[in-house]
Protein chains: 2
Amino acid sequence: MNQHSNVRIIPRAGLCETCKVREIAACSVLDKDELARLEAVSKTRTFEPGQAIFDEGEDPRFIYNLTEGTIRLVKLLPNGRRQIVGFNFPGDMMGLATHGFYTCSAEAITPIKVCQFPRQQLLDLLETFPSMKTRLLNIAADELSEAQEQMLLLGRKSPIEKVASFLYRLCQESGRTGDSENEIDLVMGRSDIADYLGLTIETVSRTFTKLRNDEVITLEGNHHVIVNDMDHLEDITEEV
Amino acid sequence: MNQHSNVRIIPRAGLCETCKVREIAACSVLDKDELARLEAVSKTRTFEPGQAIFDEGEDPRFIYNLTEGTIRLVKLLPNGRRQIVGFNFPGDMMGLATHGFYTCSAEAITPIKVCQFPRQQLLDLLETFPSMKTRLLNIAADELSEAQEQMLLLGRKSPIEKVASFLYRLCQESGRTGDSENEIDLVMGRSDIADYLGLTIETVSRTFTKLRNDEVITLEGNHHVIVNDMDHLEDITEEV
DNA sequence: CGCTCATTTGACGCATGTCAACGCGCGTGG
DNA sequence: CCACGCGCGTTGACATGCGTCAAATGAGCG
């Protein structure tokens, strides 16, 4: 499963300054000197689609910052049941939430790049970076809000509300990062979407079909979605 | 709904020192001097069962620390649908997770006492309390782990697995706080349990009955549960 | 162009929700 | 002290939405 063996470890040399998530990641609050100290303990690593960055239950030796690509956070149950508890995009931190072990696995969906920090070294450094500690606290509070929203979705929404909510969130995210808020690329497959929304792939597929037939969305291939009626989509997220 | 009007505001006078959650709450890491400064901005308030401490969507002016009693964190959907995203017990912080507004309501289940801090004053103080900021970061990370576990439960577990998981967690909590880990008091009603587990009250009731008939648990009244076979209960939490 | 895997579509059954009635405990008032 | 009503929980009958299983279609890629 976990193919840690053949990952490339890229030596760092003033890379933070040119980092693609320099402006949005947790380290964005650091000054040049602090950033240099952080960089001194960090490594850049790459993973291919399907590879695990870490596995649920492992000793959480590292904390990661995703700089390129998309990953899924996965929890497993006997019987092959799977729940995706979140998708991470560039700028997101992974591996902070633990109980003495990683509480979920992190798997690359696309080719990814991460910034890897030895956990204890990062936590030690954090004690000298008050601004970054505050930043992390805010990030954690935000993630908690998102998790609560997802609990509402999983516990009380119908399949069509779930899918609409999922698409609507991606649109907002897309809008915030400067891209068109009416077009989104789904880098994850239907089965990832199903395991994120607590549905089967068949139900996800049927729901996409229904949204297409109702002309709320247009599908160009399986991974590109155009939202024709954003207001209607928003209505569907909390249908009566 | 929200009956803020008739709550009692109790003046503080060195109360932190005798606080019942002094050893477990986030403020436990503070020294005497720091505690005095924290206490200076705090108020103690009490609420009766059913009263809201704050409501979803409100301006998050305060952060709270629960010192006595039990509260539920609630999110609502049109159609009367409700999801309880968590229960809080003495020592828990409330109101940290926000997006510029409270992301859920907090309602007293039992009579409660809280310690109320003006949000910005607490955040300002936090900048001078590095140890408490670290503590809060750890607490937030823990809550995130719990939220992920709850997503797994809501998205992928069967009713009996959900109820068993719920009871099993309460037993562990009970064990950690020094009480018997085989007996628990359910302060919340069946409808709170249902809305926490993403089920209907009927299904919760039937599932309790099944666990009783299978002699996994014994019910003494509706609110006191004795676990007869903890290993069996644990097995049921992830049945194949 | 053809293979493979992902996705879609269809048929079917069951688990869980819905609706309704009943029971029980508790507080209130006669 | 008992009768009554109300809220909460339980139980039963029924319906249906979503999961399961199976087959067809389509997209991506060598």
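Here is how names work: the chains are called A, B, and so on, in the same order as the sequence lines, proteins then strands, and each is numbered from 1.
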### Flag for Y168(B)-E234(B): side-chain donor and acceptor within less than 3.5 Å
yes
### Query
Separation of E220(B) atom CD from dC24(C) atom P, in whole Å?
18 Å
### Message
In whole Å, I'd like the distance from the CG atom of L197(B) to the C1' atom of dT16(C).
### Response
14 Å
### Message
Can you measure K157(B) atom NZ to dG19(D) atom C1' for me and round it to whole angstrom units?
### Response
20 Å
What are the atom names and distances for every N/O pair under 3.5 Å that joins the protein to nucleotides 28-30 of chain D?
none

### Summary
Here the pair of heavy atoms bringing E238(B) nearest to E161(B) is C-OE2, 3.3 Å
### Message
Need to verify one output field. Residue with the more 5' nearest nucleotide on DNA chain C, M188(A) or G198(B)?
### Response
M188(A)
### Query
Yes or no on side-chain contact (heavy atoms from CB on, under 4.5 Å) for I226(A) and I217(A), after CA distance, side-chain angles and deciding distance?
CA-CA 6 Å; I226(A) 301 170; I217(A) 61 171; over 6 Å; no
### Query
Just how far is it from atom CD1 of I139(A) to atom CG of L144(A), taken to the nearest 0.5 Å?
13.5 Å
### Message
Measure CZ/R190(A) against C1'/dT9(C) and give the value in whole Å, please.
### Response
14 Å
### Query
Contact class for L199(A) (heavy atom, under 4.0 Å): base, sugar-phosphate, or nothing?
sugar-phosphate
### Query
Between F87(B) and R169(B), is there a cation-pi geometry (under 6.0 Å to ring centre, at most 45° from the normal)?
no
### Summary
From the candidates dT10(D), dT16(C), dC18(D), the one with an atom nearest any side-chain atom of S158(B) is dT16(C)
### Task
Flag the pair L77(B) / Q83(B) as yes when at least one side-chain heavy-atom distance between them is below 4.5 Å, and no otherwise.
no
### Query
Can you find a side chain N or O atom of T209(B) that sits less than 4.0 Å from OP1 or OP2 on dT11(D)?
yes
### Query
Has the side chain of R206(B) got a donor or acceptor that lies under 3.5 Å from a partner of the other kind on the base of dG12(D)?
yes
### Message
What's the closest nucleotide to the side chain of E202(A) if the choices are dT10(D), dA22(D), dC18(D)?
### Response
dA22(D)
### Task
Check every atom of dG17(C), dT8(C), dG9(D) against the side chain of T203(B) and return the nucleotide holding the closest atom.
dG17(C)
### Query
Can you find a side chain N or O atom of T200(B) that sits less than 4.0 Å from OP1 or OP2 on dG17(C)?
yes
### Query
Given side chains that start at C-beta, do those of F208(B) and I193(B) come closer than 4.5 Å, heavy atoms only?
yes
### Task
Figure out the CZ/P separation between F208(A) and dA6(C), and round it to whole Å.
16 Å
### Message
In whole Å, I'd like the distance from the NZ atom of K210(B) to the C1' atom of dT10(D).
### Response
17 Å
#### Entry: Nearest-Å distance for atom pair CD1/P, residues I201(A) and dT9(C)
13 Å
### Query
Could you state the CG-P distance from D195(B) to dG17(C), rounded to the nearest angstrom?
11 Å
